[in-house]
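First comes the structure, then the notes that go with it.
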Amino acid sequence: KDELMIYNQKTRYELFLLFISSIVLFYFWQGFDCLDIYNLKWMMNGDYIQSFSSTNMFRYSSFDFPIAYISNVDKPAGGSIIFSDANLFISIITKILSPFLPNNIQLYGFWLFFVFFMQLLSSYWVLKQFNLMGIYTVLGAILISLYPPFLFRASALDHINLTAHFLIIFSIGLYFSKIEYKYKIIFLNLLIFFSLLIHFYFVPIIFGFISLIIIEKYLIEKNKKMFI
């Protein structure tokens, strides 16, 4: 019990360091101005404009089926936010909170902070799967989170949705983890569901890991039968 208590305390300490690191690193990466929901200036550049305008069209459209349907464009046919390069996850949250929000706001700054923290958290969890312990997991997570392709996605003012690299990192961790086979498949399917709310780009990548796990399971079972 004492060892478990010490382990839990260390884990809480490491997670606290991750959160503080995410705040500090996010400040140097994007700054805190984007977290101001009234600050629209930073979204008036690159592909951000399209994401922002599409989210607003979706916000002021009535709830319908399918959930991504936008009724107030291209009438009478309407359209889908899926093809507008907007973030469906953020758009749904914006739409739900719309009665309590002023007109001209954006929540994409919180999305960027969310993906940055999840980048750290997923990297930390993956390193744990390889039995890396202590402060090294935190330092390793920070190092992984600073790799250029991830930082470039938002810094270059394009493809804000493709910053969700944590979906891929979690998939890698699930593949190498000791979690039971059926739970791996369940968790990976949940990642696919969430990626559909972000960008279809991640779906074939995550599906690739599902395929690898299924093939690996099949080969292991086949080898067992050969030796029986």
Side-chain angles (χ1 to χ4, degrees), residues 10-36 42-43 46-48 51 85-93 106-177 179 184 187-210:
K10 286 183 176 179
T11 300
R12 286 195 291 267
Y13 176 69
E14 290 165 5
L15 291 174
F16 176 73
L17 282 179
L18 279 181
F19 183 70
I20 296 300
S21 299
S22 67
I23 294 174
V24 174
L25 294 173
F26 184 80
Y27 173 77
F28 288 104
W29 178 43
Q30 291 290 329
F32 293 149
D33 289 344
C34 64
L35 297 177
D36 179 2
W42 72 283
M43 296 221 66
D47 287 351
Y48 286 9
S51 299
D85 204 33
N87 186 311
L88 181 57
F89 177 67
I90 290 296
S91 299
I92 291 173
I93 292 176
Q106 57 80 26
L107 299 181
Y108 278 93
F110 292 99
W111 165 253
L112 287 177
F113 180 78
F114 171 75
V115 295
F116 193 84
F117 175 70
M118 292 302 294
Q119 182 86 355
L120 280 164
L121 185 63
S122 59
S123 302
Y124 169 83
W125 184 75
V126 168
L127 293 174
K128 285 284 189 181
Q129 307 312 303
F130 293 100
N131 297 319
L132 195 64
M133 303 299 289
I135 193 65
Y136 298 108
T137 52
V138 177
L139 294 176
I142 291 173
L143 186 62
I144 293 172
S145 298
L146 294 177
Y147 80 114
F150 167 67
L151 300 177
F152 176 79
R153 279 302 182 188
S155 300
L157 300 176
D158 68 343
H159 298 302
I160 194 170
N161 300 326
L162 300 188
T163 52
H165 290 192
F166 67 89
L167 294 168
I168 301 173
I169 297 174
F170 270 130
S171 299
I172 295 171
L174 284 166
Y175 176 77
F176 287 105
S177 72
I179 297 173
K184 284 186 178 183
F187 290 141
L188 284 167
N189 275 287
L190 288 174
L191 289 179
I192 284 181
F193 173 76
F194 188 68
S195 67
L196 288 172
L197 298 176
I198 310 304
H199 200 290
F200 189 79
Y201 169 89
F202 297 103
V203 173
I205 299 174
I206 300 172
F207 184 77
F209 284 101
I210 293 178

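In what follows, every heavy atom counts, from backbone to side chain, and hydrogens, waters and symmetry copies are set aside. Remember, it's a predicted structure, so these values are computed and weren't measured experimentally.
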Taking the side chain as C-beta and beyond, is there a heavy-atom pair between [X] and [Y] under 4.5 Å?
X      : Y      : value
Ser22  : Phe113 : yes
Asn87  : Ser51  : no
Ile93  : Leu107 : yes
Leu191 : Leu174 : yes

Indicate the atoms forming the closest heavy-atom contact of [X] with [Y], along with that distance.
X      : Y      : result
Leu127 : Ala141 : CD1-N, 3.5 Å
Ile160 : Leu112 : CG1-CD2, 3.8 Å
Leu121 : Leu15  : CD1-CD2, 3.7 Å
Gly109 : Leu35  : O-CD2, 3.4 Å
Phe209 : Ile172 : CZ-CG1, 3.4 Å
Ser122 : Gln119 : OG-O, 3.1 Å

- Item | Contacts of Phe130 that satisfy ring-ring contact (aromatic ring centres under 6.0 Å, His included) - sequence neighbours left out |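 So Phe130 forms a ring-ring contact (aromatic ring centres under 6.0 Å, His included) with Phe176.
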
Under 3.5 Å: donor-acceptor pair, side chain of [X], backbone of [Y]:
X      : Y      : answer
Trp29  : Leu151 : yes
Lys184 : Ser177 : yes
Glu14  : Leu17  : no

- Start with the C-alpha gap between Thr163 and Trp111, add the side-chain angles, then the distance that decides, and say whether side-chain contact (heavy atoms from CB on, under 4.5 Å) holds. CA-CA 9 Å; Thr163 52; Trp111 165 253; 3.5 Å; yes

- Message: Out of the candidates Phe117, Phe116, Phe114, Phe150, only one should pair with Phe166 under the ring-ring contact (aromatic ring centres under 6.0 Å, His included) rule; please name it.
- Response: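 Only one of Phe117, Phe116, Phe114, Phe150 forms a ring-ring contact (aromatic ring centres under 6.0 Å, His included) with Phe166, namely Phe114.
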
- Message: Tell me which pairs pass salt bridge (Lys or Arg N to Asp or Glu O under 4.0 Å) where either residue lies in residues 117-126, with sequence neighbours left out.
- Response: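 Salt bridge (Lys or Arg N to Asp or Glu O under 4.0 Å) check on residues 117-126 returns no pairs.
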
- Message: Quick check on the 6.0 Å ring-centre criterion: do Phe202 and Phe207 meet it?
- Response: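 Between Phe207 and Phe202, which both carry aromatic rings, the centre distance is not below 6.0 Å.
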
